[in-house]
Amino acid sequence: VYSCSLLAVGDELLDGRVNDTNSEFITEKLEPLGIAVALRIIVGDDNERIGNALSMALMVSEIVIITGGLGPTEDDLTREAVADALGLTLSRDGELEENLKGFFAAMGRQMSPTNLKQADLIEGAEPLTARLGTAPGQWIEHEGKMIAIVPGVPREMRDMIENDVIPRISERLSPGEAGGAVTLLVAAKPESEVAESIQKALAGIDGIKVSYRAMVGQIEVRLTSHAAGAELAEAEKRAKESLGPWVVAEGDETLEGNLGRELRSRGLTLAVAESCTGGMVGERITRAPGSSEYFRGGVIAYNYDAKERLLGVGRVRLEEMGAVNEEVAKEMAVGVRQRFSADLGVSLTGVAGPESGGEDEPVGTVAFGIADENNAFAWKYRLPGDRQMIRQFATTVLLAIVYFYVRGEEVGNVR
Ligand code: ATP
Ligand code: MG
């Protein structure tokens, strides 16, 4: 079983001006390989301290990934510090020098001599191409350990980690040592119930770590195995069975992306009428590239007039029952479906708080509607949280309802 240490280099990280988000990103990317992070160190721009931090990291892990300090300026010391700490030489690499000159020429910019230090390569290191900036990374295999050095600039770091570092680590894991991770996204189900199902489902399977990340209406469930074996596949199978349709996405997928895929494959179009979410549903749907194929558009019908005039909700009904009930949600869904000539009209109307806005319903009450050619259905739920949470929660619940509906799953008991 491999473990990895992360070294983030930079004074700005130490004094708190910048958060070490690089290490968070790398941790996420290592997880699917079943590689746990053993140690994270933040160290300032100081040769000796970088060296000490590297020595410490090498004591506890087989892999060390260092970000930052690859720039052209005086305070960018990572290359020198790593070479010194490992007792290796640092020398100018002709090809890297040419690349660097080419980069500046292509940009029509003058290269200052200090930039040339970015062409310095540690003895035995493999350079990692800088596709997005000027600082190449370095991949070093030294005394049985793997050491990667990548730029601190998050965009450059992400590119190099995903395309150069992770594949190299992955290649070097022998099958017996590689673990793995599975991520399931569960929507519209309380965390306690999700945890309970998973716990029951995984009883008797050893070596699987389960972690949860609650994201307002969605919960990411991650199953991690740090050793190889059939357990992870079995755990995944059982977890999915126990959660059934509530699993709305896996791995990197999203609820809105999967909803889009289902709509597209069935040739269905969608229109949205939303009230308390003020456009958030439309925003979520259109995050998915290609959503124009199935998303017709939407209406933000916030007050009674808008609900009446734009969607044809009965005025009397609004005056008598208020805007937050199943009947109004159905009328909104039917109205928006018609007006956009869509196959499906969906809606939500609720009280996001902190005030009731003149409605009788308690804060957090949201009614959801869906209408197809023949029928209209509606549900009313009480969602937890403050104003912003209720709005996010409602957005996710509506997307989940539509997703269940489109897949022909029973839409009941959504929360
Ligand atoms: P270059 O100098 O070529 O831009 P570099 O490797 O020297 O690259 P740094 O100078 O250390 O990178 O950092 C560049 C930018 O990236 C800075 O804005 C810094 O705040 C940010 N950065 C550096 N390290 C991290 C980190 N661990 N997490 C988030 N941001 C970081
Ligand atoms: Mg720096």
Side-chain angles (χ1 to χ4, degrees), residues 4-31 35 37-54 56-57 61 63-86 90 92-93 95-107 109-122 125-140 147-166:
C4 180
S5 291
L6 306 178
L7 243 61
V9 179
D11 286 341
E12 75 278 16
L13 302 165
L14 257 193
D15 65 23
R17 272 176 294 159
V18 174
N19 278 332
D20 175 20
T21 51
N22 286 356
S23 297
E24 290 166 27
F25 176 85
I26 298 169
T27 304
E28 284 266 312
K29 293 293 159 193
L30 289 169
E31 187 128 30
I35 297 175
V37 172
L39 181 68
R40 265 171 69 170
I41 304 178
I42 296 176
V43 64
D45 299 298
D46 178 280
N47 194 308
E48 198 184 327
R49 289 186 182 156
I50 296 171
N52 288 340
L54 175 59
M56 196 188 292
S61 47
I63 306 165
V64 180
I65 301 177
I66 309 171
T67 69
L70 292 187
T73 57
E74 287 280 288
D75 63 354
D76 291 307
L77 298 164
T78 300
R79 272 176 292 261
E80 293 87 330
V82 172
D84 289 351
L86 299 177
L90 189 66
R92 189 122 318 157
D93 182 87
E95 198 176 324
L96 289 179
E97 188 172 339
E98 287 315 306
N99 290 350
L100 211 53
K101 286 177 176 157
F103 178 87
F104 279 90
M107 300 279 285
R109 270 166 47 194
Q110 194 71 28
M111 186 175 84
S112 82
T114 56
N115 273 105
L116 276 177
K117 74 187 243 183
Q118 292 190 313
D120 290 348
L121 196 61
I122 295 170
E126 179 192 352
L128 305 176
T129 311
R131 284 170 292 264
L132 303 175
T134 58
Q138 309 205 13
W139 173 260
I140 303 159
I147 303 167
I149 309 175
V150 301
V153 183
R155 202 170 73 97
E156 297 173 34
M157 179 280 306
R158 288 195 295 267
D159 175 65
M160 217 171 266
I161 290 291
E162 286 191 302
N163 297 307
D164 302 303
V165 177
I166 293 292

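Index from 1, following the sequence. Scope of the values below: all heavy atoms of this structure, side chains included, with no hydrogens, waters or symmetry mates. When a ligand or atom number is given, it counts from 1 through the structure's own listing order.
Under 4.0 angstrom from ligand 1, the non-hydrogen atoms of Thr21 come from both its backbone and its side chain. Using a 4.0 Å cut-off between heavy atoms, Glu156 makes no contact with ligand 1 at all. Both the backbone and the side chain of Val153 come within 4.0 Å of ligand 1, counting heavy atoms alone. The part of Thr67 lying near ligand 1 is the side chain, judged by heavy-atom distances below 4.0 Å.
Short contacts between ligand 1 and Asn19, defined as distances under 4.0 Å to a heavy atom of the residue, involve ligand atoms 28 (N), 29 (C). Set against the non-hydrogen atoms of Gly68, the atoms of ligand 1 under 4.0 Å away are 6 (O), 11 (O). Each of the following atoms of ligand 1 lies closer than 4.0 Å to a heavy atom of Gly152: 5 (P), 6 (O), 12 (O), 16 (O), 21 (C), 22 (N), 23 (C), 24 (N), 25 (C), 31 (C). Within ligand 1, the atoms closer than 4.0 Å to a non-hydrogen atom of Pro151 are 6 (O), numbered from 1 in the order shown.
To the nearest 0.5 Å, the span separating CG on Asn99 from CG on Asp93 amounts to 8.5 Å.
Heavy atoms only, all atoms of each residue included: Ser23 and Leu6 are closest at O-CD1, 3.5 Å.
A donor atom on one side chain and an acceptor atom on the other are not found under 3.5 Å apart for Asn19 and Thr21.
A heavy-atom separation below 4.0 Å is found between Pro154 and ligand 1.
Taking the side chain as every heavy atom from C-beta outward, Lys29 and Arg158 never approach each other to under 4.5 Å. The side-chain heavy atoms of Asp11 and Asp75, taken from C-beta on, include no pair separated by under 4.5 Å.
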